[in-house]
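To start, the structure itself, in structure tokens.
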Amino acid sequence: MTTQTSYLGGGAGPPGLTRVATGKVRDIYALDEERLLFVTTDRISAFDVVMNEGVPGKGKVLTRIAAWWFEATADLLPNHLLSTSIDDVEGLDAGWREALEGRVMIVRRAQPTPVEWIVRGYLVGSGWKEYQAQGTVSGLTLPDGLRQASPLPAPLLTPSTKEETHDRPISPDEARELVGASVFERAESAALALFRRGSERLAELGIILADTKFEFGLVDGELILIDEVLTPDSSRFWPAEDWALDTSPPSYDKQILRDYLETLDWDKTYPPPSLDPAVLERVASRYQEVCQLITGERTVGAPA
Ligand SMILES: Nc1ncnc2c1ncn2[C@@H]1O[C@H](COP(=O)(O)OP(=O)(O)O)[C@@H](O)[C@H]1O
Ligand SMILES: [Mg+2]
């Protein structure tokens, strides 16, 4: 397999560009009043802690997959993507071009809604916990008799607030209060339509879309899809063949890292432990596999 180093970002960034935000995974720079430069690094987080090491090529995979979906969903609603071409980023020297190529998105600057628009198709994770405790998910009552990993009767919007550290689950009614009825209704129907499109396409590839998170923003009053979309970082993808009731099926992406972390004596707070390079390599090839499956292309190496 192709050995490559990882790009961790986080430093000063390309000369002449002002950094406006540093997320767990992305470095965001202002290009002008209307446009941002999104740089997706190879940083990886687990249990909300960003690891010291990167996953080689992960940022390129996420960029490639998100760009693919932005195109495949553009008929449902407009999105923020303007270009993924490094040639459209002015003023980079050869070194920066090489470092950032494949991991940039020039996007429309939006006013993000203060909500993470999560849609769930299956009962797992925190949804399963809530259902077991009180028969609800996101405060909504569900039929009796559902089991762990059951498909939900219909995909369910289970929003949460966007916070600096841990996001807080809220009911759809609370989300409506937060963003207003008009934005809520547009975001809800867009999220459900995007979820349907995503699960149909992924089902053809033998992948179950268990749940996923969308972000929306406003540009001149228009609601658009922002951030990343239907990537392994924003979604729980299950190989269909590994799905079984009464289990928490392994997800396609970070499971390898989470399982490995569980074997260490680490309390899931900063600082993170140092990671075994072999584990990082395995995670990296998993990301490449998902990229190949969804887009038909790898970002590095020969197609399998
Ligand atoms: N078009 C956009 N305009 C403004 N902000 C955006 C846009 N798209 C995404 N964002 C914000 O940029 C950040 C993406 O960086 P990321 O590393 O994913 O952050 P996080 O740690 O919050 O997940 C998010 O906070 C997201 O809300
Ligand atoms: Mg994010």
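Note that these values count all heavy atoms, side chains included, but never hydrogens, waters or copies made by symmetry. We're numbering straight along the sequence, starting at 1. Being a predicted model, the structure only gives us computed values, none of them experimental. Just follow the structure's listing: the first ligand is 1, and inside any ligand the first atom is 1.
The single protein non-hydrogen atom nearest to atom 4 (C) of ligand 1 is Ala110 O, 3.3 Å, given as residue, atom name and distance. The protein atom (non-hydrogen) at minimum distance from atom 21 (O) of ligand 1 is Lys24 N, 2.9 Å. Annotation: atom 19 (O) of ligand 1 to nearest protein heavy atom, Gly23 CA, 3.5 Å. Of the protein's heavy atoms, Phe38 CZ, 3.1 Å lies nearest to atom 9 (C) of ligand 1. Of the protein's heavy atoms, Ile226 CD1, 4.0 Å lies nearest to atom 6 (C) of ligand 1. In terms of protein heavy-atom proximity, atom 12 (O) of ligand 1 is closest to Ile28 CD1, 3.2 Å. Looking only at heavy atoms of the protein, atom 22 (O) of ligand 1 is closest to Lys162 NZ, 3.6 Å. Summary of contacts: the protein heavy atom closest to atom 5 (N) of ligand 1 is Pro112 CG, 3.6 Å.
The closest approach between any non-hydrogen atom of Ala21 and ligand 1 is not below 4.0 Å.
Rounded to the nearest 0.5 angstrom, Arg236 CZ and Ile118 CD1 are separated by 10.0 Å.
The only option from Glu130, Glu116, Arg120, Lys213 that meets the side chain to side chain donor-acceptor pair (under 3.5 Å) definition with Thr158 turns out to be Arg120.
For atom 15 (O) of ligand 1, the candidate residues are Arg26, Lys213, His80, Glu163; the nearest heavy-atom contact is made by Arg26. When the options Leu62, Asp227, Thr231 are ranked by their closest heavy atom to atom 11 (C) of ligand 1, first place goes to Asp227.
Look at Arg26 and Asp233 and you find no salt bridge, because none of the NZ, NE, NH1 or NH2 atoms lies under 4.0 Å from a carboxylate O. Salt-bridge annotation for Glu185 and Arg176: present, with a side-chain N of the basic residue lying under 4.0 Å from a carboxylate O of the acidic one. Looking at Arg109 and Asp32, no side-chain N of the basic residue comes within less than 4.0 Å of a carboxylate O on the acidic one, giving no salt bridge. A salt bridge does not link Lys58 with Asp42: none of the charged nitrogens is closer than 4.0 Å to a carboxylate oxygen. Asp75 and Arg197 are joined by a salt bridge, as a carboxylate oxygen and a charged side-chain nitrogen come within less than 4.0 angstrom of each other. A salt bridge does not link Arg108 to Glu34: none of the charged side-chain nitrogens sits closer than 4.0 Å to a carboxylate oxygen.
Taking the six-membered ring where the residue is Trp, Trp243 and Tyr122 present perpendicular rings, their angle passing 60° and hence far from 30°.
Geometric assessment of Arg103 against the ring of Tyr7 yields a negative cation-pi assignment under the 6.0 Å and 45° thresholds.
Near Leu36, meaning under 4.0 Å from one of its heavy atoms, ligand 1 places the atoms 3 (N), 4 (C). Contact atoms of ligand 1 toward Val25: 17 (O) (distance under 4.0 Å to a heavy atom of the residue). Counting the atoms of ligand 1 from 1 in the order shown, those under 4.0 Å from a heavy atom of Glu215 are 26 (C), 27 (O).
Remark: ligand 1 and Arg109 share no N or O pair separated by less than 3.5 Å (distance only, no angle test).
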